Chemist: 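First the structure, which I've put down as structure tokens, then a few questions once you've had a look.
These figures come from a predicted structure and were not determined experimentally.
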Amino acid sequence: MKGLGELERSVMDIIWAQPSPVTAREVGRLIADRDLAPTTVMTVLDRLTRKGFLVRTRDGRAWRYEPAESRDAYIAELMLGALDLTGDRSAALTRFAQAVTGTEAEILRKALTGLETELEDE
């Protein structure tokens with residue numbers, strides 16, 4: 001996934017927060033604090049669709065947009081991209097593990113244990 005600009009991030013935040021697919025008009029209403037022209041909203045939605053962040057389906061004359069992936073999946077991809085930037089992944093992972101809270105470390109520990117169990121079962 002490519003990165004998001006500021007306006008794209010704002011639109012994605014709105015769409016990620018919705019329980020069901022939304023139209024451009026609905027997004028425009030929800031992002032009213034930005035005072036954007038409807039054509040700008042449609043352009044951003046089209047760009048996000050082409051980048052693979054959104055999936056759109058026809059609903060009468062309008063399109064409905066929904067996220068292609070969850071916010072968590074996007075953040076995980078950003079984290080992996082940042083990890084790729086380091087020359088020493090082990091050192092970066094170690095530094096990250098040292099920086100998380102005890103609760104976060106426990107979440108990581110459980111996730112890794114679950115992955116180990118899955119690999120053993122294969």
Chemist: If I take atom CD from residue Glu69 and atom CE from residue Met12, how far apart are they, to the nearest 0.5 angstrom?
Modeler: 9.5 Å
Chemist: Are Leu7 and Thr40 packed together at the side-chain level, in the sense that at least one heavy-atom pair is separated by less than 4.5 angstrom?
Modeler: yes
Chemist: Is any side-chain heavy atom of Leu4 closer than 4.5 Å to a side-chain heavy atom of Tyr74?
Modeler: yes
Chemist: Any non-hydrogen side-chain atom of Arg47 less than 4.5 Å from a side-chain atom of Val44?
Modeler: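 Answer yes - side chains close enough.
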Chemist: Give a yes or no on whether Asp35 atom CG has more than 12 heavy-atom contacts from other residues, nucleotides or ligands under 6.0 Å away.
Modeler: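 No, because the 6.0 Å sphere around CG of Asp35 holds 12 heavy atoms or fewer from other groups.
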Chemist: Salt-bridge test for Glu106 and Arg109: reply yes if a basic N is under 4.0 Å from a carboxylate O, no otherwise.
Modeler: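 Between Arg109 and Glu106 there is a salt bridge, with a charged N closer than 4.0 Å to a carboxylate O.
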Chemist: Grouping I, L, V, M, F, W and Y whenever their side-chain heavy atoms are under 4.5 Å apart, do Ile75 and Val100 come out in a common cluster?
Modeler: yes
Chemist: Could you tell me whether a side-chain N or O of Arg71 sits under 3.5 Å from a main-chain N or O of Trp16, the two making a donor and an acceptor?
Modeler: no
Chemist: Measuring from atom CG of Asp13 to atom CD of Gln18, what distance do you get when rounded to the nearest 0.5 angstrom?
Modeler: 11.0 Å
Chemist: Any chain of hydrophobic side-chain contacts (each under 4.5 Å) joining Leu78 to Ile15?
Modeler: yes
Chemist: How many angstroms lie between CG in Leu30 and CD1 in Ile14, if you round to the nearest 0.5 Å?
Modeler: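 One finds 5.5 Å between CG of Leu30 and CD1 of Ile14.
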Chemist: What I'd like to find out is whether the side chain of Leu93 reaches to under 4.5 Å of the side chain of Thr86, using heavy atoms alone.
Modeler: no
Chemist: Flag the pair Met79 / Phe96 as yes when at least one side-chain heavy-atom distance between them is below 4.5 Å, and no otherwise.
Modeler: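 Yes, their side chains come closer than 4.5 Å.
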Chemist: In terms of side-chain geometry, is the basic nitrogen of Arg50 or Asp46 positioned less than 4.0 Å from the acidic oxygen of its partner?
Modeler: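 Yes, charged N to carboxylate O under 4.0 Å.
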Chemist: With rounding to the nearest 0.5 angstrom, report the OG1 to CG distance, Thr43 to Leu48.
Modeler: 11.0 Å
